[in-house]
Number of protein chains: 2
Amino acid sequence: MKKLTQSLEDYIEAIYVINLSSKVIRVKEIAKFLNVKTPSVVDAVGRLTEKGLVIHEKYGYLELTDKGYKLAKEVNDKHEKVYKFFNKVLGVSDNISKKDACNIEHYISKETMDRMIKFIKFVDTCPEGYPEWLKNFNYYAKHGRHPSKCTKNNVSK
Amino acid sequence: MKKLTQSLEDYIEAIYVINLSSKVIRVKEIAKFLNVKTPSVVDAVGRLTEKGLVIHEKYGYLELTDKGYKLAKEVNDKHEKVYKFFNKVLGVSDNISKKDACNIEHYISKETMDRMIKFIKFVDTCPEGYPEWLKNFNYYAKHGRHPSKCTKNNVSK
DNA sequence: TAAAATTGTTAGATTAGTCTAACTATAAAC
DNA sequence: GTTTATAGTTAGACTAATCTAACAATTTTA
């Protein structure tokens with residue numbers, strides 16, 4: 001199966017996300033979610049239907065096929081991981097992390113994704129808790145210089 | 001001035017990069033660089049010319065205007081930083097770092113870019129040299145677990 | 001249950017980006 | 001200095017993604 005375009009990935013992810021909080025999916029909700037007009041949604045849904053990713057009863061509800069669900073989940077997982085990496089590791093603000101994750105999720109290769117995920121896990125499972133070096137990075141980002149001593153494991157409190 | 005599209009950013013960056021190693025820029029070289037056909041280049045160059053970013057003598061050479069040069073350099077700098085972050089910090093392979101940087105450079109916001117740059121600098125200027133924690137991350141990425149002791153600053157050799 | 005409101009669809013236009021094929025200008029080689 | 005090769009351009013087609021405006025189906029409500 002050919003890769004989806006960025007746009008179609010956005011649509012299928014939107015359907016997935018909407019479906020998390022409501023059992024019923026409508027053209028209008030997708031339009032609202034993605035800030036587009038309904039004809040654009042109808043168009044996109046048509047293309048997703050052709051690919052066997054979505055079932056759409058005319059004038060009725062939409063649902064993801066199994067294949068569509070799987071794909072949508074993959075896209076959304078990527079999104080979540082990139083968001084988390086930007087926000088929790090790099091310390092980017094919530095809004096911008098979301099926005100950037102949303103944009104770049106379509107373009108990150110498996111290998112890079114894999115390293116990001118490992119990085120997040122590396123931080124989350126650090127034996128010393130929130131890692132000293134990450135505290136140091138936040139200090140560095142704020143003050144433009146390393147904290148006075150960082151050759152020893154100096155916990156400040 | 002309106003932001004360039006991804007595609008136009010690629011074209012203007014290509015011109016900039018080609019220009020680094022050769023004084024003369026031709027339609028054909030751009031086409032080769034970006035893996036597109038010459039009519040696509042002509043088309044794109046036309047749009048860049050309209051925006052006052054490029055000067056193109058018909059059937060002749062191309063050059064960047066001052067404005068074009070400035071913009072192209074910004075795009076390329078972003079590219080370089082993202083590449084370096086993926087490659088040097090995350091440890092992504094050379095090829096994939098390049099490919100991913102090339103794709104996502106168009107979508108990263110200033111804030112995220114800023115944090116990435118700071119992260120690279122944080123690593124590069126670490127008082128202990130190549131940071132212990134980054135060694136630990138590489139170990140973690142390879143073996144799936146943290147090295148046996150990392151609560152002390154244990155230099156292994 | 002008929003009118004009104006909401007939601008969904010279709011048709012047609014527009015922009016961007018790409019291509020192939022045909023053509024034209026310039027440069028190189030003889 | 002013609003011919004030939006190379007490089008650049010134009011025309012026309014195609015795909016994807018969006019929109020507005022007009023229309024159709026469904027649902028709500030009075």
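The chains referred to below are lettered A, B, ... by the order of the sequence lines, with proteins before strands, and numbering in each begins at 1. The figures that follow rest on heavy atoms only: side chains count, while hydrogens, waters and symmetry mates do not. What you see is a predicted model, and the numbers here were worked out from it, not measured in a lab.
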Within residues 67-74 of chain B, those residues having any heavy atom closer than 4.0 Å to DNA chain D are none
Residues passing the side-chain hydrogen bond (donor to acceptor under 3.5 Å, both in side chains) test with A:Lys118, sequence neighbours excluded, are A:Asp114
Sorted by chain and residue number, the side-chain hydrogen bond (donor to acceptor under 3.5 Å, both in side chains) partners of B:Asn76 (sequence neighbours excluded) come out as B:Glu13
Restricting both atoms to N or O, compile the protein contacts to nucleotides 12-14 of chain C shorter than 3.5 Å, with distance only.
none

To the nearest 0.5 Å, atom OH of A:Tyr69 lies from atom CD1 of A:Ile15 at 13.5 Å
Expected list for residues 24-32 of chain B near DNA chain D, using heavy atoms below 4.0 Å, is B:Arg26, B:Val27, B:Lys28
Tightest non-hydrogen contact, residues A:Tyr61 and A:His56, listed as O-CD2, 3.5 Å
note: A:Glu9, atom CD; D:dA16, atom P; distance rounded to Å ~ 15 Å
Contacts of B:Thr65 meeting side-chain hydrogen bond (donor to acceptor under 3.5 Å, both in side chains) (sequence neighbours excluded), chain-then-number -> none
Atom NE2 of B:His56 and atom C1' of C:dT26 are separated, to the nearest Å, by 13 Å
Checklist line | CG (B:Asn95) with more than 12 external heavy atoms under 6.0 Å | finding: no
Between A:Tyr83 and A:Glu105, is there a side-chain donor-acceptor contact under 3.5 Å, judged purely by atom types and distance? no
Those residues at least two apart in sequence (or on a different chain) that pass side chain to side chain contact (heavy atoms under 4.5 Å, CB included) with B:Lys121 are A:Tyr140, B:Ile117
Residues 32-46 of chain A vs salt bridge (charged side-chain N to carboxylate O under 4.0 Å, His left out), sequence neighbours excluded, gives A:Asp43-A:Arg47
Is the closest side-chain donor-acceptor distance between B:Tyr107 and B:Gln6 under 3.5 Å?
-> yes
B:Glu29 meets the side chain to side chain contact (heavy atoms under 4.5 Å, CB included) criterion, sequence neighbours left out, with B:Ile18, B:Ser22, B:Arg26
Rounded to whole Å, CG of B:Leu62 lies from C1' of D:dT9 at a distance of 13 Å
B/S/- along nucleotides 19-25 of chain C (protein heavy atoms under 4.0 Å) is BBB--BS
Residue pairs meeting salt bridge (charged side-chain N to carboxylate O under 4.0 Å, His left out), one or both in residues 65-80 of chain A, sequence neighbours left out, come to A:Lys70-A:Glu74, A:Lys73-A:Asp77
Sorted by chain and number, sequence neighbours left out, side-chain hydrogen bond (donor to acceptor under 3.5 Å, both in side chains) with B:Lys98 holds for B:Asp94
When rounded to whole Å, the OH to C1' distance for the pair B:Tyr61 and C:dT26 reads 10 Å
